[in-house]
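The structure appears right after this line, and notes come after that.
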Amino acid sequence: MSSPSSIPRVLTIAGSDPSGGAGIQADLKTFSALSCYGASVITALTAQNTQGVRGVEPVSAGFIAEQLDAVLDDIPLDAVKIGMVASLEVAEVIARALAARRPRWVVLDPVMVAKSGDVLVDDAGIRAVRDVLVPLADVITPNLPEAAVLLDAPTPATMADMEALVPRLTRLGAPYALLKGGHLDGAECPDLLATPERHEWISAPRIATHNLHGTGCSLSSAIAATLAHLGDPSVDADAVSAIAEAKRWLHTALEASDRLDVGQGCGPVHHFHAWW
């Protein structure tokens, strides 16, 4: 039996998805699936399902600060995952709270572009993510359109384009940048990981499925969970292994997603594929 101190505690700061496939709900499922205790701070309420988002009610920056203080005053954290943040005020609230009581790992999923290609945040929101949250993070996990928005650059269309863009991503301040290549065509989904020591491709075979709802949320929260199990690693290779483990877990969750029958649109991944 595990001792109480051996179970990592991980916080997600993100929006709520009532259909259960993305956002806070996906993050908490991921933490549990990867043997972590999950806590949450909700930044927005959404009305959404597998077919799309119908409405969003942002939580005030003041109440987000209250939630953060309540959790951080009481629970020692091993890692934090940050999801969509649409305003400078909220970004600064998060940055102040984590600067004062920072866990070892901070993972940022810079959610700024919908699957339709629509940009979800305005210029101020983009600057908030780039200038406030990215330098705070240890790991960032942009997909190709999000990286293009962050850098005001064309969206990479090839693996060579990804290699050319990654050095610019790391100059934004996060030591680890996982540039997700799922938008490229081909039989593989190639992700390029930039670390303080090297660049490394982490690829997996492309899975023929429409169950892609919440994949970005689930991958970033899986990275937070696998890194939380490391504690304070002394070598770069440990972090790379943890990030690669998170990608393998998501790949298996995608493979098992057809065992679920959820919704009429893009279904979720199967977070608990190892159990049922």
For Glu245, give me all partners under side-chain hydrogen bond (donor to acceptor under 3.5 Å, both in side chains), at least two apart in sequence or on another chain.
none
Backbone of [Y] reached by a side-chain donor or acceptor of [X] within 3.5 Å:
| X | Y | value |
| --- | --- | --- |
| Arg102 | Ala97 | no |
| Thr215 | Leu212 | yes |
| Asp138 | Val106 | yes |
| Arg259 | Trp276 | yes |
| Glu146 | Asn143 | yes |
| His251 | Ile207 | no |
| Asp17 | Ala22 | yes |
| Trp105 | Ala228 | no |

Going through the checks in order, is the side chain to side chain donor-acceptor pair (under 3.5 Å) test met by His270 and Asp258?
CA-CA 8 Å; His270 191 350; Asp258 287 340; over 6 Å; no
Could you give the side-chain donor-acceptor pairs of residues 63-72 under 3.5 Å, partners two or more places apart or in another chain?
from	atom 1	to	atom 2	distance (Å)
Gln67	OE1	Ile42	N	2.9
Gln67	NE2	Ile42	O	3.0
Asp69	OD1	Arg101	NH2	3.0

Does a side-chain N-to-carboxylate-O contact under 4.0 Å join Asp185 and Arg206?
no
I'd like to know if Asp191 pairs up with Lys247 as an ion pair, taking the criterion as any Lys NZ or Arg NE/NH1/NH2 lying under 4.0 Å from an Asp or Glu carboxylate oxygen.
yes
Test Ile82 against Val107 for side-chain contact (heavy atoms from CB on, under 4.5 Å), laying out the working first.
CA-CA 6 Å; Ile82 304 171; Val107 178; over 6 Å; no
Side chains of Ser19 and Asn49: donor-acceptor distance under 3.5 Å anywhere?
no
Does the side chain of His271 come under 3.5 Å of the side chain of Ser218 through a donor N or O and an acceptor N or O?
yes
Under the side chain to side chain donor-acceptor pair (under 3.5 Å) rule, what do Gln48 and Thr46 come out as? Steps first, then yes or no, please.
CA-CA 6 Å; Gln48 68 173 294; Thr46 71; 2.9 Å; yes
Only one of Asp27, Thr12, Thr141 clears side chain to side chain donor-acceptor pair (under 3.5 Å) with Lys81; which?
Asp27
Spacing of CD1 belonging to Ile7 relative to CZ belonging to Phe31, to within rounding of 0.5 Å:
15.0 Å
What's the spacing between Arg130 CZ and Leu151 CG if we round to 0.5 Å?
8.5 Å
Arg9 and Asp74: salt bridge (Lys or Arg N to Asp or Glu O under 4.0 Å), yes or no, with the steps?
CA-CA 12 Å; Arg9 296 143 300 197; Asp74 187 43; over 6 Å; no
Take Thr50 and Gln264, measure what side chain to side chain donor-acceptor pair (under 3.5 Å) needs, and give me the verdict at the end.
CA-CA 7 Å; Thr50 63; Gln264 301 173 61; over 6 Å; no
